[in-house]
Each structure stands twice: as structure tokens, then as C-alpha cells.
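Reminder, nothing fancy here: chain letters follow the sequence lines and each chain counts from 1.
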Amino acid sequence: MGGESKYEIAQNAYMKIVLHALKHKSSAVNAVLLGRVSPTNDVVEITDSVPLFHSHLGLLPQLEISLILIEEHYAAKGVNIVGYFHANERFDDYELSGVAKNVGDHIYRYFPQAAILLLDNKKLEALPKGKDRSPVMQLYTRDSSKNWKLAGGEGSSQLTIKEPAANAVLLDYISTEKWQDVVDFDDHLDDISKDWLNPELFK
Amino acid sequence: MVSKTEETQLSNLETQVDNGGGGAWEYLSLVRKLKVRRSDRVLKHGLSILNDPKKRSSLGPDEWTLYEQVAVAAMDCQSLDVAKDCIKVLQKKFPESKRVGRLEGMLLEAKGAWAEAEKAYSSLLEDNPLDQVIHKRRVAMSKAQGNVSVAIEWLNKYLEIFMADHDAWRELAEIYVSLQMYKQAAFCYEELILSQPMVPLFHLAYADKTKKPLLGNLFSTVLKLLTCYDSNLSTKWRTSYANEL
């Protein structure tokens, strides 16, 4: 597996996790990334995401249940878990927490091109001002020494959004407070009538 | 911790006020009572009351409570000018007040002036060493600066004095979980269960923290105990219990 893998995230998957992070501004949140490797050009396509929790992220029982349910649902469509998204509690915290690394390692065991995405709060804050088309998150991949390494520098193209106007659509949703409608696994476990698939979110 | 009925009541009032149906004061009082964090709405609706002289005078002595509530909400939303104005009004009315002094300390915190905030809190604590809120503000400050170990130290010192503060125990447990120190987190919940054995949430959280392959039995025992005395156990835990069997 030489060279660095490229990752492409679909607009809906991207917006879902950012909106989820905005819904729970004062806590850490996480999400799981689903997708497949493109047979044509070996790019990892992140086609969907499922927001997981906004409290007690480090606890095992709920993580286990959620991963089992998610895997079962998506395996039928030929989509697997390709990565993990994490947003830290504090604005200026850019450290990859132990929880994120552990989940990342676990996903890596089944999918060697696994990625961890960390929400970049400063970029998110600057979104309304600039015309930045790059995703508001940092990409971490696993290197040969089993550590999670930050990918590329400024303007690196390792992580791109499939639809170039995604940030504009995201800004639109933010201004209409669309995040209220995002349902994560925590919400689902409290009230099972809430669907963690968020089927109506972007209709 | 908010119950389901209170949660529905709150969201009903919220939609009512958001759509211009009045009831702002009831909403703000409910937020205060339940201690939930709805700073953007509190700021919006609180200011609409305070900026209207007629509505303001109809509040009577509650006006000052509202100023305090709006000041804190403004700080949470980073509207520091609004916060400063509210605090100035309160200072004029209540000079030499410790409660207002606390708000000033919080404003320094919101600005990011950690050293000055620390000085302000220390001097307030000199006059009043048993002020719980200020102790907790110090913990919050170290957490905000990223010094989690210092936060843990302060919080432990605080809990040695104020052992009955359940929210503090829960906060400490959450900090431990974020650092993956599960044993210590479990200890916090043990304390909570001892003091309040009738709250199912603590048992559930405790079960969560003890779930490790070796302690699997403990987990199912705790869940069995719970299903015995709360038949309205939500799905989350029934699934967990089923998994364990």
C-alpha cells in the first residue's frame, strides 16, 4: 500500500456530521463514515455518515451496539465502515483523543485505508467569511509506525468534497438552523422512533 | 437532568416564544429553574424584555435576576458588550455584591483573561472561602484552558469539602471517561449511587463504566437490579441486557 490514499467525501455525508457537531456545541461528538474504495481510481469514497453520540463518547456498550446495527444495515448495500469523525469539546483543541485513536485502530483492522476526520473549528468559524471550498476538517491516516498522522499541509488535496459547492449549501443550512433535525445514535437510544439514518434530512 | 415532561414543556414554550406567541418570561423562568443551557434563545428573548421599559418595570424585583441570566447567556454567546452592560446595571444597583463580583470574574473568563479571572476569584474566595460556585468556576477555567489534570485536582479538592454535590461527581466522572480512566469514573458513580440509590441513571452509567470483558458479570448484575425496580427501562438498556445474556 504505497503512497497516500485520497479520500472523497460526499456532500450529504459531510454536511450531516458538521451539522451534528453544531447541534451539540458544548460537547464532543463523533460519527462513523461509510463508503467504499472506487474500483476505477483507488480513491476512498465516503458516501454516507452516521452521527453517533454527543455524551460519554468513551463508553463501550453503546458504541458496540451502534457499530453492529450500522454495519448490518449498510453491508446489505455493499457499503462498509471506512472511517471515523470526531469533534473535540473545546474550540482550540486539535489533539486526537484516545477514544478517536482507539476507534480508528479498530476500523483500521478491517479496512487498512481507514481515515479519522477531526473537525477544524477555526475553519468552521471562518466559513461564512471566505470562499473556501475545502472541507472544515483535518484528515488523519495511519502510517507504517502505527501512529495517526495528520495528512498534508495547507491546500492539501488528499481530502476533497465530491460536490464543489458543498460549503455554500452547508452555510445555507447553518443559517436556517437545520442542525435541529439531525438525529444521532444517542437520540435514537433514548427514543427509538427517531431514525439514525436521517432519511428526510436533505430532502 | 431533566425529566421527559419538563423537556416537552420546555420545547412547547420554546416554539411558542419563537413564533411570537408571548410567554417569554415563563420560558426564561423555566430555563432558570431547570438549569438548561439555551443561551442563544435566553439572550434573544431576555433582551427583548429588558429593552422594553414597560415590560421591564412589570417584572418588579425579578428584573435583576433577569439581568443576571441575560449576562451569563450573553457571555456564552460571546456577546461581551451586552454582558458588560448588564453587569454595569447590576453593579450600580448592588455595589459591593459578591454575586456581581462573580459575574465580573466570569466576564474576564469569557474574554480569555485567565490570570485576571483567577485573581478575581481568589480575592472573592478570601472573603468567602465556602462559595461553591466560585470553586466550580476555577475548575471550569482549567478545563477550558485544556489543563485537564489541574481541573481534576481542583475538582477533587472541591469534592473533599462538598461531598454531596452530585453534579460535580458526574462532571468528574465524565472527565475521567474522556481520559479513559474508567476505574476512577466508576468510583465517582459509586459515590453517587451510595447517596442516591433511587436514581436509575446512576446505576446505568455505573454499569456502562464497568463494562469490560472481565467485569461482564457485574454489568449484567447491575442491569438485572435495574429491571427489577424500574419496569419502564428504556430500550437502550433492554438491548444491552439482552446482549449480555
Would you compute the distance between atom CG of B/Asp76 and atom OG of A/Ser26 and round it to the nearest 0.5 angstrom?
7.5 Å

Heavy atoms from other residues, nucleotides or ligands near NZ of B/Lys157 exceed 12 (cutoff 6.0 Å)
yes

If you count the non-hydrogen atoms of other residues, nucleotides and ligands that lie under 6.0 Å from NZ in B/Lys84, is the total more than 12?
no

Answer yes or no: is there a donor N or O on one side and an acceptor on the other, between the side chain of B/Tyr182 and the main chain of A/Leu59, under 3.5 Å?
no

Determine whether more than 12 heavy atoms belonging to other residues, nucleotides or ligands lie under 6.0 Å from atom CD of A/Glu95.
no

Which atom pair, heavy atoms only, marks the closest approach of B/Gln180 to A/Asn102?
NE2-ND2, 2.7 Å

Rounded to the nearest 0.5 Å, what separates atom NZ in A/Lys25 from atom SG in B/Cys77?
8.0 Å

Is the NZ atom of B/Lys136 crowded by more than 12 outside heavy atoms at less than 6.0 Å?
yes

Heavy-atom side-chain contact between B/Lys143 and A/Glu89 under 4.5 Å
yes

